[in-house]
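The structure appears below as structure tokens.
Heavy atoms only: backbone and side chains are in, while hydrogens, waters and symmetry mates are out.
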Amino acid sequence: DPRWLDRIDEAGMVMWCETLGPGVTSTHLQDEYFLHYQKQQMNEMLDNAMNHASIAFWAFFNEGKSNVIESCPGYQASSDTIQARDTTRFITYASNTYPPHDLCYDAATVISHNAYPGWYQSPTP
């Protein structure tokens, strides 16, 4: 909602703007039909939020399968879509895969990790 972004701009806060939530599989990331609509959704996100100063990060595929090499072209295509329209902001995705297992870092300009020590896995990464 652009009104929410207006309030955040006014407050001087920094935001992360993201398409799609968790549940994106490696199969999705290799599916041209899925990627077509992901690109459409990213363009709609950019249309909606591009002129808001509070947006510092564009993101996609929250906790997707970035540990599967076959997923990386889908990550790169998403990054390229954003980069073609905005070269001024960071591009990222929230990974829940720790190095060296995350294989798609090249698609991001900022590395972001969601960590849940002791919650979903053992207390050590």
Is there side-chain contact between Ile55 and His52, with at least one heavy-atom pair below 4.5 Å?
yes
If you measure only the distance, is there a donor-acceptor pair under 3.5 Å linking the side chains of [X] and [Y]?
| X | Y | value |
| --- | --- | --- |
| Asn114 | Glu63 | yes |
| Gln30 | Ser26 | yes |
| Asp80 | Tyr75 | no |

What residues form a side-chain contact (heavy atoms from CB on, under 4.5 Å) with [X], not counting sequence neighbours?
| X | value |
| --- | --- |
| Thr81 | Lys39, Met42, Asn43 |
| Asp86 | Met50, Trp58, Thr88, Arg89 |
| Phe90 | Phe57, Thr109, Val110 |
| Pro73 | none |

Tell me whether the count of non-hydrogen atoms from other residues, nucleotides or ligands lying under 6.0 Å of CG in Asn51 goes above 12.
no
Linking I/L/V/M/F/W/Y whenever their side-chain heavy atoms sit closer than 4.5 Å, directly or via other members, would [X] and [Y] fall into one cluster?
| X | Y | value |
| --- | --- | --- |
| Val14 | Trp16 | yes |
| Ile111 | Ile82 | yes |
| Phe60 | Val68 | no |

Separation between [atom1] of [X] and [atom2] of [Y], rounded to the nearest 0.5 Å:
| X | Y | atom1 | atom2 | result |
| --- | --- | --- | --- | --- |
| Asn67 | Thr97 | CG | OG1 | 4.0 Å |
| Asp6 | Arg3 | CG | CZ | 9.5 Å |
| Ile91 | Gln83 | CD1 | CD | 4.5 Å |
| Ser112 | Tyr93 | OG | OH | 9.0 Å |
| His28 | Gln38 | NE2 | CD | 11.0 Å |
| Ser66 | Asn96 | OG | CG | 7.0 Å |

To check you understand the geometry: which heavy-atom pair defines the closest contact between [X] and [Y], and what is its length?
| X | Y | answer |
| --- | --- | --- |
| Ile69 | Leu103 | N-CD1, 3.6 Å |
| Ser79 | Ala107 | OG-O, 2.7 Å |
| Asp9 | Ala53 | OD1-N, 3.4 Å |
| Leu35 | Gly74 | CD2-CA, 4.1 Å |

Other cluster members, Tyr33 - Ile/Leu/Val/Met/Phe/Trp/Tyr, side-chain contacts below 4.5 Å
Tyr37
Yes or no on side-chain contact (heavy atoms from CB on, under 4.5 Å) for Ser54 and Met13, after CA distance, side-chain angles and deciding distance?
CA-CA 6 Å; Ser54 59; Met13 297 174 69; 5.5 Å; no
For Phe61 and Leu29, run side-chain contact (heavy atoms from CB on, under 4.5 Å): C-alpha distance rounded to whole Å, both residues' side-chain angles, the deciding distance at 0.1 Å, then the answer.
CA-CA 9 Å; Phe61 307 143; Leu29 294 168; 3.3 Å; yes
Tyr105 and His113 aromatic ring geometry - parallel, tilted or perpendicular at 30°/60° bounds:
perpendicular
Disulfide (SG to SG under 2.5 Å) involving Cys72 - partner list, sequence neighbours excluded:
Cys104
